[in-house]
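First comes the structure, then the notes that go with it.
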Protein chains: 2
Amino acid sequence: MPDDEEACREVRQILGLIGDKWTVLVIGCLRDRTLRFGELHRAVDGISQRMLTRTLRQLERDGLLTRTVHPSVPPRVEYTLTELGATLLDSLTYLADWAATHRRQIAAHRRHYDASLLE
Amino acid sequence: MPDDEEACREVRQILGLIGDKWTVLVIGCLRDRTLRFGELHRAVDGISQRMLTRTLRQLERDGLLTRTVHPSVPPRVEYTLTELGATLLDSLTYLADWAATHRRQIAAHRRHYDASLLE
DNA sequence: CAGAATCCAAGGTGATACTG
DNA sequence: CAGTATCACCTTGGATTCTG
């Protein structure tokens, strides 16, 4: 790897894309199937209509998913992960593995740190 | 992989740790050497003293780095990545690779999307 | 159904000044 | 040198209401 600082900026850039509160949850829900707006709204627990709309628009803008409007009444809008989005989801797997492996360790260290502040 | 939603929450958890504006930059600077506070301040371009302090404290709390105070005048405080922090940095490499590979594609799609809104 | 628009609260961030 | 304290801003996100 030639340049560490460059790698950091690369990571920072994607964190700007997916580092918010909802993006990865939305992407995850679309892993293996197309979903409608309302389905996503129910699938992503706790998300507001506003945030779902914003998140989807941003993901569409970045080319991570496609938005398909079926001109009918009532309207039917479907969201599907692009290949690009799928590859991102794949590389996120490594992060998920890391988290699964070290979650308890982090939590324990955090408790220990907090407790040490009370002495 | 047994549970997609569980994996999403795992990822979300780490994004809560590193998804902010400065954390990965700080971790990256500590990749292969111990640094003092002032050195980090100069290394991470644009960070304020306040944000550097906060970031370092959080990383220490999570066990990703250690803070060593040398009782001297003037004070000398050194920050070193823990093994845990190093493993996180490793798994971030996959994200960096993904970003490096697809950065142009994303930027191009974004320009195309923005242009299509002006029709 | 799938949103757009508006208002508002809360937290993250930066600039500055001060301290052991 | 390595912070802490204070203030002020700005973005993020939630609740609510309205529309084609």
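Note: hydrogens, waters and symmetry copies are ignored here, and every other heavy atom, side chains too, is used. Chain identifiers are assigned alphabetically (A, B, ...) following the order of the sequence lines, protein sequences preceding nucleic acid strands; residue numbering begins at 1 within each chain. These numbers come from a predicted model, not from an experiment.
- Distance, B:Trp22 CH2 to C:dT13 P: 9 Å, rounded to whole Å.
- Protein atom CG of B:Asp45 is 12 Å distant from nucleotide atom P of C:dG14, rounded to whole Å.
- Using a 4.0 Å cut-off between charged side-chain N and carboxylate O, A:Glu10 and A:Arg12 make no salt bridge.
- Salt bridge status for A:Arg36 with A:Glu39: absent, with no side-chain N to carboxylate O gap under 4.0 Å.
- In this structure, the nucleotide among C:dT13, C:dC1, D:dG13 sitting nearest to the side chain of A:Asp20 is D:dG13.
- Minimum atom distance to the side chain of A:Arg50 is reached by D:dA15, of the listed D:dA15, C:dA2, C:dG3.
- One interatomic measurement links the two molecules: NE2 of B:His41 to P of D:dG3, which rounds to 12 Å at whole-angstrom precision.
- Between the side chain of B:Thr82 and the backbone N or O of B:Leu64 there is at least one donor-acceptor pair closer than 3.5 Å.
- To the nearest angstrom, P of C:dA2 lies 9 Å from CD of A:Glu78.
- In this model, the phosphate group of D:dT4 is approached by a side-chain N or O of B:Arg57 to a distance below 4.0 Å at OP1 or OP2.
- Comparing D:dT4, D:dA2, C:dG3 by their closest approach to the side chain of B:Thr53 singles out D:dT4.
- Listed nucleotides C:dC1, D:dC1, D:dG3 differ in distance to A:Pro75; the shortest reach to its side chain belongs to C:dC1.
- The hydrophobic clustering, which links ILVMFWY residues whose side-chain heavy atoms are closer than 4.5 Å, places B:Leu81 and B:Val69 together.
- In the hydrophobic clustering of ILVMFWY residues, with side-chain heavy atoms under 4.5 Å counting as a link, B:Leu84 and B:Tyr94 come out apart.
- Rounded to whole angstrom, the span from the CD atom of A:Gln49 across to the P atom of C:dA5 amounts to 14 Å.
- Along DNA chain D, the nucleotide closest to A:Lys21 and the one closest to B:Pro74 are compared, and the more 5′ of them pairs with B:Pro74.
- The nearest whole Å value for the distance from the CD atom in A:Gln58 to the C1' atom in C:dG3 is 17 Å.
- Closest to the side chain of B:Met51, out of D:dG3, D:dG14, C:dT13, is C:dT13.
- Between the CZ atom of B:Arg67 and the C1' atom of D:dA2 there is a distance of 8 Å, given to the nearest Å.
- Both B:Arg54 and A:Phe37 sit near DNA chain C, but only A:Phe37 has its closest nucleotide nearer the 5' end.
- The CG atom of B:Leu52 sits 17 Å away from the P atom of C:dG12 (whole-angstrom rounding).
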